[in-house]
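Notes for the one structure printed next.
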Amino acid sequence: MASEIKKIGVFTSGGDSPGMNAAIRSVVRTCAYLGIECVGIYRGYQGMMEGDFKTLDARSVNNIINKGGTILKSARCEEFRTKEGRKKAYDQLTKEGIDAFVVIGGNGSFTGALLFNEEYKFPVMGIPGTIDNDILGSSYTIGFDTAINTVVDAIDKIRDTASSHNRLFFVEVMGRDVGHIALNAGVGAGAEEILIPEQNLGLERLLDSLKRSKASGKSSSIVIVAEGDKIGKNVFELKEYVEEHLPIYDVRVSVLGHMQRGGNPTCFDRVLASRMGVKAVESILEGKSNLMVGIKDTKLVLTPLAEAIKAHTEIDEELIRVSDIMTT
Ligand code: ATP
């Protein structure tokens with residue numbers, strides 16, 4: 001099958017996530033395998049506008065599959081939101097002879113790619129790279145599995161100290177709009193309560209649950225709080241509230257923060273990224289565009305970018321029920 005596409009650009013954009021390097025490696029090696037030139041675009045859309053490009057061959061991505069972060073760097077770029085900014089990017093891509101690009105990022109990055117395609121008919125393909133797992137069209141995004149394992153590991157350690165001192169810990173995890181990290185890591189780490197943006201459990205239920213927990217003889221309690229939880233109080237205010245209403249508890253707070261974005265990707269994320277990179281390049285060469293590679297029921301699927309960016313994913317109701325039963 002002859003394709004017009006001879007040179008593909010690849011870049012990472014938005015927040016970084018573990019496994020992005022594995023995806024870059026996969027795109028680069030698939031291009032090499034198929035005899036296509038591959039160009040790394042540094043610092044997302046910012047680097048694209050500035051022509052910050054470097055040709056990548058198969059050997060240039062040695063020893064990165066196991067590394068967190070992104071060798072191409074990531075950036076947020078306001079100027080790309082403007083027509084003038086996108087024109088600059090187009091001029092640079094044309095000058096370099098790049099015929100299509102693969103963007104590894106989240107909803108914002110895909111929105112930019114879609115607009116760019118509308119304006120210049122430039123072939124674009126998306127790979128979902130974000131720890132939040134909040135992209136329609138894929139059951140898993142690259143980085144999510146690593147992030148929940150990082151959180152579970154941290155909570156296991158916090159529980160050691162919590163149970164030695166009979167303490168209650170509020171642990172804040174990432175998730176401004178979605179609670180996938182909180183819910184999955186919470187179930188995995190055996191949290192007593194999980195507060196997520198999709199559900200407002202209310203302060204009364206939290207107090208009841210903590211009272212029951214104490215009465216049942218539990219030696220420690222862990223409550224996971226997603227950043228965007230709707231209970232109306234942040235972790236520090238929750239600590240004060242519980243101390244005031246349940247003085248039996250010695251309460252501590254731990255905010256996990258950016259450690260959740262880092263670390264070596266899990267095997268799951270490395271394999272997922274490798275599969276998605278191959279699919280992205282092959283799809284471009286088949287003449288496809290404006291699509292995102294995703295995974296559903298263990299199979300890779302393509303979803304129009306326009307669909308993928310439409311809304312957030314739904315929280316897993318079955319997992320919420322499991323969590324409720326496990327905290328009995
Ligand atoms: P994350 O899930 O980590 O936030 P993201 O891809 O959603 O990743 P954003 O900061 O929303 O991250 O977007 C990354 C970049 O994509 C922006 O800095 C901007 O350059 C571009 N972008 C986002 N939205 C648009 C838009 N509406 N039009 C053009 N470009 C956009």
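Just so it is clear, the structure is predicted and the values come from calculations on it, not from any experiment. When a residue number appears, it is its place in the shown sequence, counting from 1. Whatever order the structure lists them in is the order used to number ligands and atoms, beginning at 1.
For a threshold of 3.5 Å applied to N or O pairs, the pair formed by Ser109 and ligand 1 contains at least one separation below that value.
In summary, the side chains of Thr266 and Asn149 do not present any donor paired with an acceptor at a separation below 3.5 Å, with no hydrogens or angles considered. In this model, a donor atom of one side chain and an acceptor atom of the other lie less than 3.5 Å apart for Asn290 and Asn117. If you check the side chains of Gln46 and Glu50, you find a donor sitting under 3.5 Å from an acceptor.
Protein heavy atom in closest approach to atom 9 (P) of ligand 1: Arg76 NH1, 3.4 Å. Remark: minimum distance from atom 15 (C) of ligand 1 to any protein heavy atom is reached at Ser13 OG, 3.7 Å.
Within the listing of ligand 1, atoms 16 (O), 20 (O), 21 (C) sit less than 4.0 angstrom from a heavy atom of Tyr45. Every atom of ligand 1 with a heavy atom of Gly15 under 4.0 Å away is listed here by number and element: 1 (P), 3 (O), 8 (O). Taking every non-hydrogen atom of Cys77 and a distance limit under 4.0 Å, the qualifying atoms of ligand 1 come out as 17 (C), 18 (O), 19 (C), 20 (O). Near Leu115, meaning under 4.0 Å from any of its heavy atoms, are these atoms of ligand 1: 28 (N), 29 (C).
Linking ILVMFWY side-chain heavy atoms closer than 4.5 Å, directly or via other members, places Tyr249 and Leu201 in a single hydrophobic cluster.
Heavy atoms of Asn107 come nearer than 4.0 angstrom to ligand 1 in at least one pair.
Checked against a 6.0 Å centroid threshold, the rings of Phe116 and Tyr45 do not count as neighbours. Aromatic rings from Phe11 and Tyr42 are positioned such that their centres are separated by 6.0 Å or more.
Residues Leu56 and Leu72 form a side-chain contact, since some pair of their non-hydrogen atoms from C-beta on lies under 4.5 Å apart.
Residue Arg81 holds the heavy atom nearest to atom 25 (C) of ligand 1 of all those in Met48, Arg81, Glu79, Arg86. The nearest non-hydrogen atom to atom 26 (C) of ligand 1, considering only Thr130, Ile104, Thr111, comes from Thr111. Comparing Gly108, Gly112, Gly129 by heavy-atom distance to atom 16 (O) of ligand 1, the nearest is Gly108.
Note: His180 and Phe144 have perpendicular aromatic rings, judged against thresholds of 30 and 60 degrees for the angle between ring planes.
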